[in-house]
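Have a look at the structure below before the remarks.
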Protein chains: 2
Amino acid sequence: MSNEEKNLHELAGRIYDLDEEVYRELGSSLGRVFNGKKEDCIEETFRMMHERNQAYILRNELALISNMARTIQDRAVRHRIMVKYDEILKEVTELPTSFIKGDILDQKMAKLNMLNLQSRFSKNDHLIICIGRTYGCGGSEIGFTLADTLKINYYDVEIFDEVLKRLEAEKDYVHDKGGYPYKEGEDHQSRYLSTVPAFAPTPKSTIKEKLREFSRYHGLPKKDAIFFNQSDLICDMAKKEDFVVMGRCADAILTNNRIPHISIFITAPLEQRVRRIMEVRGYENEKEAKRLLTKLDKDHVKYYKFYTGRNWGKARNYDLCINSASYGIQGSVDLIMRMLKKDGDGKEGSEENGKK
Amino acid sequence: MSNEEKNLHELAGRIYDLDEEVYRELGSSLGRVFNGKKEDCIEETFRMMHERNQAYILRNELALISNMARTIQDRAVRHRIMVKYDEILKEVTELPTSFIKGDILDQKMAKLNMLNLQSRFSKNDHLIICIGRTYGCGGSEIGFTLADTLKINYYDVEIFDEVLKRLEAEKDYVHDKGGYPYKEGEDHQSRYLSTVPAFAPTPKSTIKEKLREFSRYHGLPKKDAIFFNQSDLICDMAKKEDFVVMGRCADAILTNNRIPHISIFITAPLEQRVRRIMEVRGYENEKEAKRLLTKLDKDHVKYYKFYTGRNWGKARNYDLCINSASYGIQGSVDLIMRMLKKDGDGKEGSEENGKK
């Protein structure tokens, strides 16, 4: 037997002894993990430590022992046993075959994920929070409130359009009347009226009109130029400032450009979203509202797939998904704020006024 | 004009003035939100405050103004303007038509969601964390490590089986050989070998055997009795102790029984899961591994749907979804720990040794 083997054997023995001790304290054989002959059990545990795909059994045995141990009433005894357990668990997890080895962490993904405490960001990295959301889940309100709480800029489709207009000073600027949610401003109205989003229809418009306006929002833009203009803009901004950005495939754009960010998807069950848009938008027909949301979701999937090749709304494509119906608007903001709290480990992202 | 109307008019005027002030400081008309005649702009803003579905426009105007204001270089000027902005925003959000009104929060869901700081739990509520996960994403390891960090019990299918066996002392206990992942222990082996999970096949078994073993895991159990036994057990335990529970439709069971809990879904992109099970389980054929995971996901959906009527793995059905490839095992545990941190507002859930 090599030295290493001797150590493993000794560790297996301590696991057996721990189980026996827990059993003795609880006085019930129900609490017993190892029931066979002592030597056989130790030999078996020893063997398991050598095989990676046996690691799960060892993990579960340890879980069983500690679950039982935690039911010991005497605090001092429980503490003594748990200390032993912690020592054993530490040694087991340090084995090359340990169940904790073989991490799911993807270095590339982790590097771009700002919520990951394990990775460090350079001082030049800005806090960029990309929020995708289903229509009616309150995602925009969460994004806006989050930006306000963090004192950083908030961008969504209308604001992007404004920024692009300003940057390009009307020149070389392709305004996509078909693919973006603008009503033409009427003559006597001030400029800001031209930014009325199509998804804020007046209560008097028919459901058919609303549907048409809604579907324009997620329909594919006539001119891809808009998308690429926005992509450039997002990457440029990411080098200069902290911000919250709603939709715009920003998460995919930043990932492709290897710019660290946080990607969050916000949604809620259809039932709650229907209730909310009826309440907020003044819709009266529940069936129509439901159909509208279902259609918008489908269009959104298409739009996102077309520009990014990725699946919109699938948990595996975001760092994190939040169900806003479980938290509400302020609750969701609080949750994200708690996650951003890096306890002094890196930037806080909440410096007053967001300026550096 | 009523008093209320006078106040709104005055507020609209202050929004116009703020925009003008920002414009003056930046010295560029690009920074201007309101370009029309002052009276018209104020009238328009005033009108918007009365209509709920215009609230989005007002929100975006405010976002535009504050985005511009944050680019002001002079710190003192910027601070003065941001203080004004904050006051205005506060008043606007307090309007009955405010964009922040019409929350997505669902009282029933929020009441059951332990991660929601807004709701208070009674002292009798225990910290129960339900974790659903896709196969290969490291979810079990995250759950186990989380339970260990919180010093609370960890339950998964094998442990449940043990607990049920113990509780029912072999009597009235329906052991579901078809639906649960146990290999029959051989005579000479100690009892714990009967808990070898089918999803930890030996490296020598063929991919076909593995597939059969795997599919048994998520296949519908032959005897629903197992499911209902487990449901009762989960509800019983939830009244007595804090714990982490893996799968077992625990989230749906607890929701149906109105027992507060945290429901988390963990997943990772297929590519990373394939890489991990090849590494951890010793599979060599990437295509087969991929097919296996895809099949398991499908079976999982079926199993969950059958027992709960809900859609497994959809973000809208969980309080929170985590992409483990973005965080890794320890990173995911850290993230959940940060979210649990209630800053003294309620229970911490991390009392030493988890006993009360």
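All chains are named by letter (A, B, ...) in the order of the sequence lines, taking the proteins before the strands, and each is independently numbered beginning at 1.
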(Q) So for F243(B), is it side chain, backbone, both, or neither that comes closer than 4.5 Å to the heavy atoms of chain A? (A) neither
Q | Straight-line distance of I329(A) CD1 to T93(B) OG1, nearest 0.5 Å | A | 11.5 Å
Q: Measure the spacing between OG of S326(A) and CG of N317(B) and express it to the nearest 0.5 Å.
A: 9.5 Å
Q | Side-chain ion pair, E241(A) and R70(B), N-O less than 4.0 Å | A | no
Q: Heavy-atom pairs under 4.5 Å with chain B are the metric here; pick the option from A315(A), G138(A), S332(A), G136(A) that has the most.
A: A315(A)
Q: Nearest 0.5 Å please: distance from the CG atom of L270(B) over to the NZ atom of K314(A).
A: 12.5 Å
**Q.** Side chain proximity check, Y154(B) to L62(A), heavy atoms < 4.5 angstrom
**A.** no
Q: Report yes if some heavy atom in the side chain of R316(B) is under 4.5 Å from a heavy atom in the side chain of Q272(A); otherwise report no.
A: no
**Q.** Contacting region of S66(B) [heavy-atom separation from chain A under 4.5 Å]
**A.** backbone
Q | Engaged part of S140(B) at the chain A interface, taking heavy atoms whose separation is under 4.5 Å | A | both
Q) Within the side chain of N60(B), is there an N or O that forms a donor-acceptor pair under 3.5 Å with the backbone of I159(A)? A) no
Q) Are any non-hydrogen side-chain atoms of R59(A) and D156(B) less than 4.5 angstrom apart? A) yes
Q. N323(A) side chain to Y318(B) main-chain N or O, any donor-acceptor pair under 3.5 Å?
A. yes
Q: For the pair K90(B) and D148(A), find out whether any cationic side-chain nitrogen is under 4.0 Å from an anionic carboxylate oxygen.
A: no
Q. Roughly how far, to the nearest 0.5 Å, is the CG atom of D334(B) from the CE atom of M339(A)?
A. 13.5 Å
**Q.** L335(A)/R338(B) under side-chain contact (heavy atoms from CB on, under 4.5 Å): CA gap, chis, key distance, verdict
**A.** CA-CA 9 Å; L335(A) 184 77; R338(B) 258 182 292 164; over 6 Å; no
**Q.** Y155(A) side, atom OH; L64(B) side, atom CG - distance, nearest 0.5 Å
**A.** 9.0 Å
**Q.** Inter-residue atom distance I322(B).CD1 - D319(A).CG, 0.5 Å rounding
**A.** 10.5 Å
